[in-house]
Amino acid sequence: MRLRVKITLYGLLCLLCVPFVFPTWWMITSSMKPISEIFSTSPLPSEWTFSTYRQVFEMQPFAQQYWNSLYIAVIVTTGTMAVAAMAGYAFARIRFPGQNVLFVVVLIGLLIPSEVTIVPLFKMFQSLGLTNTHWPLIIVPIFGAPCVLAIFIMRQFFIALPSELEEAARMDGLGRAGIFYRVALPLSRPALGAVAIFTFLHSWNLYLEPIVYLSTPDMYTLPQALTQFVDNYGGPMWNVQLAAATMTAVPILVVFVLAQRQFIEGLAHTGVKG
C-alpha cells in the first residue's frame, strides 16, 4: 500500500506541475521556431533555429540591458537585506516609546500601491536631475514600501530567537551592536535568504518604474527591453521576444530551484512567535 500511495502521490504531483512547467517549456521551444510556427500546435519546431538569439543582441544593446538589471538587482538586494535586518532587529529586540505604533505605520506601506506614489516620486527625482538614471530604481526599493515586507520577515525571525542567547552574549561583554553582528545576524541566514530571493526577483521583474524613469535603450532594464523587439511595422517579433525572455527567465529559475529550501525555511520562521 505504501508503494501504491507513493506512486499515486508522485503521479498527482507531476500532473499538478504541468500548468507551471508547460509555459516555460513552450517559451524555450518557441524561441527556436521560425516566426510562421509560433502559434502551431506542435510542441517542437519542425526546424530548429538559433538565429533568434543572435537577433536579440543585434536589435538591442541586450548585453548592456542585462547588466543593468543584474547590478541594480544585486545592489537593491544587498541594501534591502541590510536595512531590513537592522530595522527588524530594532523592532523585535529594542524597546522604545511608540514602538508598536511605528511598526504599524511601517506596515501601512504594504497597503499603498506603487502606482499611487509614482507621479510624486517622478517629480521629486526630476527636480534632482536623476531621471534617465538608475538611482530611482535603487533608492525607492531600498528605502520605500518594497522594503516593508522584508522588515516584517526579519522582525518575525528575530522575535523567535531565544532571549537566552542575548543574555549569554551580554554576559560575555558584548554590547547591542556586538550582539546583533555576532549573534543575531549569523543566525538569521534562513530569513535573509528568503528576503534576498524575493527582493532580487522583485527588482529583476520591475516594469512600471523603468518605463517612467528611463528613456534611452542603453539605460533600459530587461522587462522594458523585452517590449522593444518589434518589426518595421510595429508588430511583435514573437520568436525573438521569446528568445530574450528565455535568457531573462531561465537563470532566475535555476537560482530559485537551487535556493528554494532556504527560501521556504526562512518564510516558515516568520510564523513562529517568541
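With N205 contributing its side chain and P223 its backbone, the two residues share no donor-acceptor pair below 3.5 Å. The closest donor-acceptor contact from the side chain of Q65 to the backbone of M219 lies at 3.5 Å or more, if one exists at all. In terms of modelled atom types and a separation under 3.5 Å, the side chain of T78 and the main chain of I75 share no donor-acceptor contact. A donor-acceptor pair under 3.5 Å links the side-chain atoms of S69 to the main chain of L222, judged by distance alone. A donor-acceptor pair is defined here as one N or O able to donate and one able to accept, closer than 3.5 Å; no such pair exists between the side chain of Y220 and the backbone of Q64.
V101 and F91 fall into different hydrophobic clusters, where Ile, Leu, Val, Met, Phe, Trp and Tyr residues are linked whenever their side-chain heavy atoms come under 4.5 Å apart, directly or through other members. One hydrophobic cluster, built from ILVMFWY side chains closer than 4.5 Å, cannot hold both V5 and L13; they sit in different ones. Hydrophobic clustering, with ILVMFWY side chains joined whenever heavy atoms are under 4.5 angstrom apart, keeps M154 apart from I108. Grouping the Ile, Leu, Val, Met, Phe, Trp and Tyr side chains by contacts below 4.5 angstrom, directly or via other members, places W48 with V240. Residues L128 and I142 share a single hydrophobic cluster, defined by chaining ILVMFWY side chains whose heavy atoms lie under 4.5 Å apart.
Side-chain contact between I211 and Q224 is present, with heavy atoms from C-beta onward closer than 4.5 Å. A heavy-atom distance below 4.5 Å is found between the side chains of F158 and S188. Contact check for T248 versus F62: side-chain heavy atoms found under the 4.5 Å cut-off. F96 places a side-chain heavy atom less than 4.5 Å from the side chain of L102. In this structure the side chain of T221 never reaches within 4.5 angstrom of the side chain of Y66, judged on heavy atoms. Side chains of L130 and Y213 form no contact here, defined as non-hydrogen atoms less than 4.5 Å apart. Side-chain contact between T52 and Q55 is present, with heavy atoms from C-beta onward closer than 4.5 Å. Contact check for T49 versus K33: no side-chain heavy atoms found under the 4.5 Å cut-off.
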Let's go through E209 and V140 carefully: what are the C-alpha distance in whole Å and the side-chain angles of both, what is the deciding distance for side-chain contact (heavy atoms from CB on, under 4.5 Å) to 0.1 Å, and is it a yes or a no? CA-CA 10 Å; E209 287 78 358; V140 174; 5.9 Å; no

Begin from the C-alpha positions of I38 and L242 and carry the test side-chain contact (heavy atoms from CB on, under 4.5 Å) through to its verdict. CA-CA 10 Å; I38 287 295; L242 290 172; 4.3 Å; yes

Take V76 and L137 through the side-chain contact (heavy atoms from CB on, under 4.5 Å) test and state the conclusion after the steps. CA-CA 8 Å; V76 169; L137 306 182; over 6 Å; no

Evaluate the side-chain contact (heavy atoms from CB on, under 4.5 Å) criterion for residues L165 and L187: first the C-alpha distance (whole Å), next the side-chain angles of each, then the deciding distance (0.1 Å), finally the verdict. CA-CA 11 Å; L165 294 174; L187 292 174; 3.6 Å; yes

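Of all heavy-atom pairs spanning P217 and P61, the tightest one is O-CG, 4.0 Å. The heavy-atom pair separating A92 from Q99 by the smallest distance is N-NE2, 4.3 Å. Closest heavy-atom contact between D218 and N68: O-ND2, 2.8 Å. Residue N239 comes nearest to P34 through the heavy atom pair ND2-C, 4.1 Å, listed as atom of the first residue, atom of the second, then distance. A pairwise comparison of heavy atoms in P141 and P136 identifies CD-O, 3.8 Å as the closest pair. Between F200 and A73, the shortest heavy-atom distance links the atoms CE1-CB, 3.5 Å.
With respect to E166 and R176, a salt bridge is recorded, a charged nitrogen being found less than 4.0 Å from a carboxylate O.
There is a side-chain donor-acceptor pair under 3.5 Å between S31 and Y53.
The structure places CG of L185 at 6.0 Å from CG of L192, a figure rounded to the nearest 0.5 Å. Rounded to the nearest 0.5 Å, atoms OG1 (T199) and CD1 (I153) are 8.0 Å apart. Rounding to the nearest 0.5 Å gives a distance of 12.0 Å between CG of L161 and CD1 of I179. Atom-to-atom distance recorded for I118:CD1 and K123:NZ is 13.0 Å, nearest 0.5 angstrom. Between atom OG of residue S51 and atom CD of residue E58 there is a gap of 9.0 Å, rounded to the nearest 0.5 Å. Rounding to the nearest 0.5 Å places CG of L226 at 9.5 Å from CD of Q60.
In this structure, E47 places its CD atom where only 12 or fewer heavy-atom neighbours from other residues, nucleotides or ligands lie under 6.0 Å away. Counting heavy atoms of neighbouring residues, nucleotides and ligands inside a 6.0 Å radius, atom CZ of R182 does not exceed 12 of them.
No close placement of the F143 and W135 rings is indicated, their centers lying 6.0 Å or farther apart. Within the 6.0 Å centre-distance limit, the rings of Y71 and W67 are counted as a close aromatic pair.
Ring-plane geometry between F180 and Y89 is classed as tilted, the angle between the planes lying from 30 to 60 degrees on a 0 to 90 degree scale.
When the side chain to side chain contact (heavy atoms under 4.5 Å, CB included) test is applied to T227, the partners found at least two apart in sequence or on another chain are Y207.
For the pair R155 and F103, the cation-pi test (distance below 6.0 Å, angle within 45°) is passed.
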